[in-house]
Amino acid sequence: MVVSKEIVERAETLRESIRYHNERYFGQDEPEVSDAEYDALVRELLALETEHPEIVTADSPTQRPGVGTAPTPFSEVRHIQPMMSLDNAFSRDELVAWGQRIGRLVTETITYVGEPKLDGLAISLQYEDGKLVRAATRGNGESGEDVTANVRTITDVPERLTGRSLPAVLEVRGEVFMPLSSFDELNRRQGEAGLRLFANPRNAAAGALRQIDPTVTASRQLSLFCYQPGAKEGGPRLRTHHETLEWLTGLGFPVNPHIEQLADLDAVYGFCTRMEQSRHSLGYEIDGAVVKVDSLAQRDEMGATSRAPRWAVAYKFPPEEKTTVLREIMVSIGRTGRATPFAVLEPVFVGGSTVGLATLHNEDEVARKDVRVGDTVIVRKAGDVIPEVVGPVISKRKKGARRWKFPVSCPCELHQPLVRLDGEANHRCVSADCPVQREQKVIYFASRGAMDIEGLGEERVHQLVAAELVQDAGDLYSVTNEQLVALERMGEISARNLVNGIEQSKQQPLARVLVGLGIRHVGPTAARALAVALGHLDRIAGASDEELEAVDGIGPIIVQSIRAWFTVPTNRALIEKLRSAGVNLTGPAPAQGPTEEQTLVGRTFVLTGGLEAFTRDEAAAAVTARGGKITGSVSKKTSFVIVGENPGSKQVRAEELGVTQLDEEGFQRLLVEGPPAEPEPERAKTAKPKKPAKAKTAKED
Ligand code: D41
């Protein structure tokens, strides 16, 4: 049967838009269509291809694993025994403290077992009468997903156990991972087929395990190492962990050959450092070492907390550092005109993703680090998320490399002067007309901590401003569907979604509008307090200093800043635009305000010095509301130290340990915008700053 031209063409159109949305979703983390709309495209294509198999092309997204998968096609299984997690230690001190703590819980001397900590996915394998009956992911520890069919394709996983006296029921835990050779091979194939590359082996392994089609999992070449029996009925009596591992080996389970018995804490630390030194020669990724008490009787005595056993600890390697070449130092202009220097790097894979850009904070920071264009520099991920240049490798400096000078004018087309006022750390572009500032203001207005307008990210705003459709946030509300469709890379669906997103944002509570206005020092906390206390934007604008200062958490500096903002004519004009567009200007936020996005999970903060817009409690509340933690003292574990006025010894400590410091503005940004998205490797490769904000500075300045 000959397939009509229309069908062939329709299929190709669908493929093109699916690829496009994949790129938005995965590559840029900025989807333009809802999941439902995306699914509809995939379903239509699948239907066409199923009906006419001859039109399937090798590069069709349907041939790509993962596309069209329902959110979770795997059924949930409860683990017979919960799969606990691991407590962490980040330094020799913390490791020793752990050893001493558990030493007090038992009378006999403790011996240990050290294991490489694989950076993969924990899995539970269940055997009945020696036969594999089920495999499940760890999930939340209580229950995971049934991935039996896929796990059966992993050649390391024994289908049948060998040896005598097999337990009737045996559950074994281990880590599924993707060896680097498989990872490289997979990305080579992905690249050849013009498909998205995986950012790291762990993501690739996770993707491979969650395939609908087990033959795809099989082609991804996963591996397994086991480390722990769970539920067990029958089998030998075991007294130690090393005996247990030998027994598991005898049954046919793969056990990591680098596991060692260790006599004391010195030996434990020695093992950890050896592992760190050999981490890049193992053929798979590890992110630390797991240290466990060997004696099972002692383990029983020590017991567990609600989440983790006391008898084991994960020693996490310090953040990985790599060297690369600093190609260029450029300056980006923020919404307040602040000029931030940043490094353009030869892209380098570090801390789990490719880094091409890194902030250099301000002039003094560049001078302190003395990084120069052309230098070989050390790069790492601060707080596990923010790329950072640690410093230059002086021995590799080229002759004639010159100290960097802060550019004298703004990189925007107006080239207005950048000035650094006395007593300030930052340069600012003082022009009220600076188009880059305007653009940044609109980006901030639309960002998720402010008006949260779906589909309106940096790229889109840039397009809108460049097309002169938008000068300030108020103009967003008069942009029409027709105007949007005329833009490049903007389809009908995207345009419609964007118009809807903008329309919906009119209903956002006053506190979000206030944040979106970008008044200095008025972040989410102050904004909410103002909205609750005064109830309408006009009342805030018209309030006396006394009235404003009477609001909880609002001090003279914020009052002054609010005052200053409302006197600027363009700001007043913005408010009038918002008003006539019908944007909600009344408060307060519903008593049970929107819960914050959990953008700071796993990050630890320490506060030092006074902040303008927050009391200590408010700053702490802002962090914890987003899933982060506040602690009292700085350690290597600390992700960020927030440095206010007159900071104390904690800042010194942060300096010593190389913990990233954030000033109040940086902290506000982190709260509103969340940690920066990780660039995908193929995007970062170009490392071309896409915004004019990051336009090249005149080096000859
Ligand atoms: O290599 C690993 N990633 C690893 C993970 C390991 N070698 N041992 C582990 N041991 C445990 C306990 C002590 C709780 C049985 C683990 C994990 N747990 C683990 N993996 C993911 C969450 C917990």
Side-chain angles (χ1 to χ4, degrees), residues 79-89 95 98-99 102 110 112-126 135-145 147 156-157 170-179 200-203 205-206 209 222-232 238 240-249 253-262 268 271-272 274-276 278-279 282-296 298-317 352 601-602:
H79 301 301
I80 308 173
Q81 287 174 10
M83 292 176 79
M84 311 263 310
S85 49
L86 286 166
D87 282 336
N88 292 321
L95 202 56
W98 167 77
I102 59 169
I110 301 173
Y112 305 87
V113 171
E115 306 177 358
K117 184 171 183 298
L118 295 155
D119 197 6
L121 300 130
I123 194 127
S124 153
L125 306 170
Q126 199 179 318
T137 60
R138 176 170 179 276
N140 59 13
E142 296 290 331
S143 56
E145 289 180 324
V147 287
D156 288 348
V157 175
L170 175 66
E171 191 211 342
V172 169
R173 277 118 192 236
E175 200 87 358
V176 166
F177 61 97
M178 187 176 284
N200 57 52
R202 196 184 134 59
N203 288 0
L209 261 195
L222 296 172
S223 280
L224 168 79
F225 281 129
C226 293
Y227 49 72
Q228 181 75 20
K232 171 162 150 293
L238 299 160
T240 61
H241 186 50
H242 75 268
E243 248 173 56
T244 308
L245 294 175
E246 278 163 20
W247 176 63
L248 289 176
T249 307
F253 290 104
V255 170
N256 193 308
H258 300 286
I259 294 179
E260 285 181 37
Q261 266 181 278
L262 306 162
V268 162
F271 175 81
C272 291
R274 275 202 305 289
M275 277 301 132
E276 191 177 343
S278 55
R279 70 184 291 190
L282 295 173
Y284 45 83
E285 290 211 327
I286 62 172
D287 60 351
V290 187
V291 183
K292 300 176 180 179
V293 170
D294 197 17
S295 155
L296 302 189
Q298 282 182 333
R299 286 186 180 189
D300 283 345
E301 277 182 73
M302 293 170 186
T305 65
S306 60
R307 55 180 293 273
R310 293 200 179 85
W311 45 262
V313 71
Y315 173 81
K316 290 287 198 68
F317 296 147
V601 173

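Atoms within each ligand, like the ligands themselves, are counted from 1 in listed order.
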Give yes or no for whether the N/O distance cutoff of 3.5 Å, strictly under, is met between Lys292 and ligand 1.
-> yes
Could you say whether the N/O atoms of Leu118 and ligand 1 ever approach to under 3.5 Å?
-> yes
Contact check, Trp311 vs ligand 1, heavy-atom distance below 4.0 Å | yes
Taking side chain to side chain donor-acceptor pair (under 3.5 Å) as the test, write out the residues that go with Arg310, two or more places apart.
-> none
Where do Val290 and Tyr227 land on the side-chain contact (heavy atoms from CB on, under 4.5 Å) test, with the steps shown first?
-> CA-CA 10 Å; Val290 187; Tyr227 49 72; over 6 Å; no
With atoms numbered from 1 as shown, which atoms in ligand 1 lie under 4.0 angstrom from a non-hydrogen atom of [X]?
X: Met84; value: 14 (C), 22 (C), 23 (C)
X: Ala122; value: 20 (N), 21 (C)
X: Arg138; value: 22 (C)

Answer yes or no: is there an ion pair linking Lys292 with Glu115, defined by an N-O contact shorter than 4.0 Å?
-> yes
Quick check: does any side chain N or O of Ser124 sit under 3.5 Å from a backbone N or O of Ala136, one acting as donor and the other as acceptor?
-> no
Any residue meeting salt bridge (Lys or Arg N to Asp or Glu O under 4.0 Å) with Glu175, in chain and number order, not counting sequence neighbours = none
Should the proximity of [X] to ligand 1, defined as any heavy atom under 4.0 Å, be assigned to the side chain, the backbone, both, or neither?
X: Lys117; result: both
X: Pro116; result: backbone
X: Val290; result: side chain
X: Met83; result: neither

pair Lys117-Phe317: side-chain heavy atoms closer than 4.5 Å = no
